[in-house]
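Report on the structure given below.
Computed from heavy atoms alone, side chains included, the values below leave out hydrogens, waters and symmetry copies. None of the values given here were measured: they were computed from a predicted structure.
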Amino acid sequence: MVDLHGQYLRIKDEIDQSIQKVLNSTAFIQGPEVENFARALAEYTGAKFVIPCANGTDALQIAMMCLGFKPGDEIILPVHTYVATAEVIALLGLTPVFADVDEDTFNINVDQLEEKITNNTVAIVPVHLYGQCAHLEPILKLAEKYSLAVIEDAAQSLSAVYTFKDGTRKKAGIMGTIGTTSFFPSKNLGCFGDGGALFTDDEKLAEKIKMIANHGQKIKYHHEVVGINSRLDTLQAAILNVKLRYLDDYSRKRNEVASYYDAALADVPGLKIPFRTPYSTHVFHQYTIKIPNERRDAFKAFLAKEGIPTMIYYPVPLHFQKAYRRPGVKEGSFPVTENLSKVVISLPIHTEMEPDQMEFICNKIKDYFHS
Ligand SMILES: *Cc1c(COP(=O)(O)O)cnc(C)c1O
């Protein structure tokens with residue numbers, strides 16, 4: 001699915017030097033590379049403030065700790081997402097309120113959002129799934145109307161660009177109250193371990209985020225609020241400092257692979273290639289196709305036999321997960337998501353794919369549907 005080794009070898013000298021510098025300095029915690037990376041990422045995204053942290057899940061948790069939510073407050077999120085989004089809501093004693101997604105974009109269905117809002121709603125968490133921004137402009141309008149926070153989960157879509165009706169273009173993660181992302185190795189900007197970051201334009205929030213990520217202290221050993229310990233390692237920051245310079249190349253490469261797949265697979269009967277929204281660029285964290293009519297699992301097994309890996313994101317919708325299941329939740333509560341869990345399948349896509357690999361994969365897929 002990914003070729004992290006090949007990607008490393010291409011920039012090995014720069015990475016090795018950057019790591020060696022940290023080893024020589026032994027400033028493993030909060031070394032200068034962390035601040036340098038925060039500054040570089042702020043410049044890259046256009047965020048006023050970037051606060052690095054230990055991983056993308058912590059980033060979501062810190063965001064919610066910062067905004068002063070109380071137990072019982074409701075947070076609306078898409079039900080078709082990675083568990084981390086719901087997990088931190090539940091951990092903080094907040095109530096996750098699931099919303100179904102759009103069957104073409106895979107992102108939260110903005111037409112069904114307003115009916116989810118109650119007196120207890122405090123935030124909406126759009127997730128920019130698979131590499132494409134959720135439809136943020138209507139979400140921001142609703143949030144303004146009902147005074148809700150918007151926490152963008154940009155773990156899969158760092159570097160995607162959203163276009164507003166007036167032509168303004170903004171990068172994923174910097175449009176809401178707070179944005180979050182992850183540098184898990186397989187993410188579009190991946191480090192060599194765990195890492196994450198938060199984005200905000202609000203200086204007060206930025207200070208609070210920093211404080212909460214650092215045991216609730218601004219001054220050492222003076223704890224103003226309950227915080228957590230969530231830092232980006234200096235070594236990871238040193239790696240990210242190098243890799244951030246390649247992020248646009250990586251996105252371009254992923255788009256080349258996607259265009260190849262699009263052209264080769266568009267007319268194959270029995271599958272549906274990804275939909276591209278007019279309002280967001282796509283950075284193809286995943287290239288996710290749909291195979292209806294209960295053929296998906298046999299298709300996956302066929303490709304596996306040919307040595308082609310594929311993944312299902314996500315095979316069990318959150319509302320059916322034991323940990324998040326509510327009494328009375330029935331089959332059919334979120335029909336689009338339930339259907340997607342049966343039809344989606346993601347093909348290999350990464351920065352090191354070679355034309356012969358793409359050709360091999362597409363030929364096998366065509367073989368399957370023509371046989
Ligand atoms: C990866 C991911 C996360 C969590 O990131 P970690 O760094 O693994 O904690 C959160 N949300 C989404 C949508 C993700 O894909």
- Query: Looking only at heavy atoms, what is the nearest atom pair of Phe199 and Gly173, with distance?
  - Reply: CB-O, 3.4 Å

- Query: Can any side-chain N or O of His223 pair as donor or acceptor with the backbone N or O of His215 at less than 3.5 Å?
  - Reply: yes

- Query: Is there a donor-acceptor contact under 3.5 Å linking the side chains of Thr200 and Asp202?
  - Reply: no

- Message: Donor-acceptor check, side chain of Lys253 to backbone of Met353, threshold 3.5 angstrom: yes or no?
- Response: yes

- Do the rings of Phe106 and Tyr130 sit parallel, tilted or perpendicular, given the 30° and 60° boundaries? perpendicular

- Query: Do Thr177 side-chain atoms and Val150 backbone N/O form a donor-acceptor pair below 3.5 Å?
  - Reply: yes

- Query: Does Tyr8 have its ring centroid less than 6.0 Å away from the ring centroid of Phe192?
  - Reply: yes

- Rounded distance (nearest 0.5 Å) linking atom CG of Asn55 with atom CZ of Phe184: 10.0 Å

- Would you please indicate yes or no on a ring centroid separation below 6.0 angstrom for Tyr313 and Tyr82? no

- May I ask you to decide if Glu294's main-chain N or O and Lys342's side chain share a donor-acceptor pair within less than 3.5 Å? no

- Thr181 to Ala155 - nearest heavy-atom pair and separation: OG1-CA, 3.6 Å

- Out of curiosity, Leu41 CG to Leu244 CG, how far, rounded to the nearest 0.5 Å? 6.0 Å

- Determine whether the side chains of Ser251 and Ser159 contain a donor N or O and an acceptor N or O closer than 3.5 Å. yes

- Query: So do Gln217 and Asn214 actually touch side chain to side chain, heavy atoms under 4.5 Å?
  - Reply: yes

- Just by modelled atom types, is the Ala134 backbone N or O under 3.5 Å from a matching donor or acceptor in the His128 side chain? yes

- Do Val127 and Leu77 have side-chain heavy atoms sitting under 4.5 Å apart? no

- Message: Under a 3.5 Å distance rule, please check whether Glu338 uses its side chain to pair with a backbone N or O of Ser333 as donor and acceptor.
- Response: yes

- Query: If you round to the nearest 0.5 Å, how far is OG of Ser230 from CD1 of Ile212?
  - Reply: 11.5 Å

- Message: Any non-hydrogen side-chain atom of Asn107 less than 4.5 Å from a side-chain atom of Pro126?
- Response: no

- Shortest non-hydrogen separation from Ala63 to Leu198 and the atoms involved: N-CD2, 3.7 Å

- Note on the structure: Heavy atoms of Asp104 and Lys272 approach each other most closely as OD1-NZ, 3.9 Å

- Correct closest heavy-atom pair for Ala197 and Val50 would be CB-CG1, 4.2 Å

- Task: Consider only side-chain heavy atoms of I, L, V, M, F, W and Y, link residues closer than 4.5 Å, and tell whether Leu9 and Leu247 are in one cluster.
- Result: no

- With distance as the sole criterion, is a donor-acceptor pair present between the side chains of His5 and Glu352 under 3.5 Å? no

- Task: Examine distances only and state if a side-chain atom of Lys116 and a backbone atom of Phe98 form a donor-acceptor pair shorter than 3.5 Å.
- Result: yes

- Query: With distance as the sole criterion, is a donor-acceptor pair present between the side chains of Glu14 and Tyr246 under 3.5 Å?
  - Reply: yes

- Evaluate the side-chain proximity of Val125 to Met64: yes if any heavy-atom separation is below 4.5 Å, no if none is. yes

- Determine, stepwise, if the pair Thr288 / Leu129 fulfils side chain to side chain contact (heavy atoms under 4.5 Å, CB included). CA-CA 10 Å; Thr288 303; Leu129 206 71; over 6 Å; no

- Message: With a 3.5 Å distance limit and no angle check, can you tell me whether Asp100 reaches the backbone of Thr337 through a side-chain donor-acceptor pair?
- Response: yes

- Verify, without hydrogens or angle tests, whether Glu33 (side chain) and Val22 (backbone) share a donor-acceptor contact under 3.5 angstrom. no

- Does a side chain donor of either Thr57 or Glu87 reach within less than 3.5 Å of an acceptor in the other side chain? no

- Among the clusters formed by ILVMFWY side chains lying less than 4.5 Å apart, do Val34 and Phe28 turn up in the same one? no

- Item | Verify same cluster id: Tyr324, Ile75 (apolar side-chain graph, 4.5 Å) | yes

- Message: Do Tyr250 and Gln7 make a side-chain contact, defined as non-hydrogen atoms from C-beta onward lying under 4.5 Å apart?
- Response: yes

- Return yes if a side-chain donor-acceptor contact under 3.5 Å exists between Lys300 and Thr310, otherwise no. yes

- Item | Flag if over 12 foreign heavy atoms under 6.0 Å of CD, Glu43 | no

- Message: Quick check against the 3.5 Å criterion: does Arg296 have a side-chain atom that pairs as donor or acceptor with the backbone of Val344?
- Response: yes

- Task: Classify the angle between the aromatic ring planes of Phe369 and Phe299 as parallel (below 30°), tilted (30 to 60°) or perpendicular (above 60°).
- Result: tilted

- Spacing of OG1 belonging to Thr277 relative to NE2 belonging to His282, to within rounding of 0.5 Å: 8.0 Å

- Query: Out of Leu340, Ile345, Asn339, which one pairs with Lys290 under the side-chain contact (heavy atoms from CB on, under 4.5 Å) rule?
  - Reply: Leu340

- Task: Kindly determine whether Val257 and Met358 satisfy side chain to side chain contact (heavy atoms under 4.5 Å, CB included), including the steps that lead there.
- Result: CA-CA 7 Å; Val257 178; Met358 297 187 258; 3.8 Å; yes

- Item | Heavy-atom side-chain contact between Lys48 and Glu203 under 4.5 Å | no

- Tyr261 vs Cys362 side-chain heavy atoms within contact, under 4.5 Å: yes

- Please walk me through it: do Asp262 and Arg276 pass side chain to side chain contact (heavy atoms under 4.5 Å, CB included)? CA-CA 11 Å; Asp262 279 356; Arg276 315 242 189 155; 2.5 Å; yes

- Task: Provide the closest heavy-atom pair for Asn241 versus Ala40 in the form atom of the first, atom of the second, distance.
- Result: OD1-CB, 4.5 Å

- Item | Euclidean distance, Phe183 CZ relative to Asn188 CG, rounded to 0.5 Å | 11.5 Å

- Is a side-chain donor-acceptor pair under 3.5 Å present for Asp16 with Gln20? no

- Message: So, applying side chain to side chain donor-acceptor pair (under 3.5 Å) with Tyr162, which one of His135, Arg169, Lys170 is it?
- Response: His135

- Message: Distance check, rounded to the nearest 0.5 Å: Asp233 atom CG versus Ile29 atom CD1?
- Response: 5.5 Å

- Query: Can you hop from Ile178 to Ile76 via hydrophobic side chains spaced under 4.5 Å?
  - Reply: no

- Message: Leu67 vs Val122, test: side chain to side chain contact (heavy atoms under 4.5 Å, CB included). Steps then yes/no.
- Response: CA-CA 9 Å; Leu67 291 166; Val122 290; over 6 Å; no

- Answer yes or no: are there more than 12 heavy-atom neighbours, outside Asp267 itself, under 6.0 Å from its atom CG? no

- Item | Cluster overlap Met311 with Leu271, hydrophobic side-chain contacts below 4.5 Å | yes

- Does atom CG of Asn119 have more than 12 heavy-atom neighbours from other groups under 6.0 Å away? no

- Taking C-beta and beyond as the side chain, do Lys210 and Glu207 meet within less than 4.5 Å on heavy atoms? no

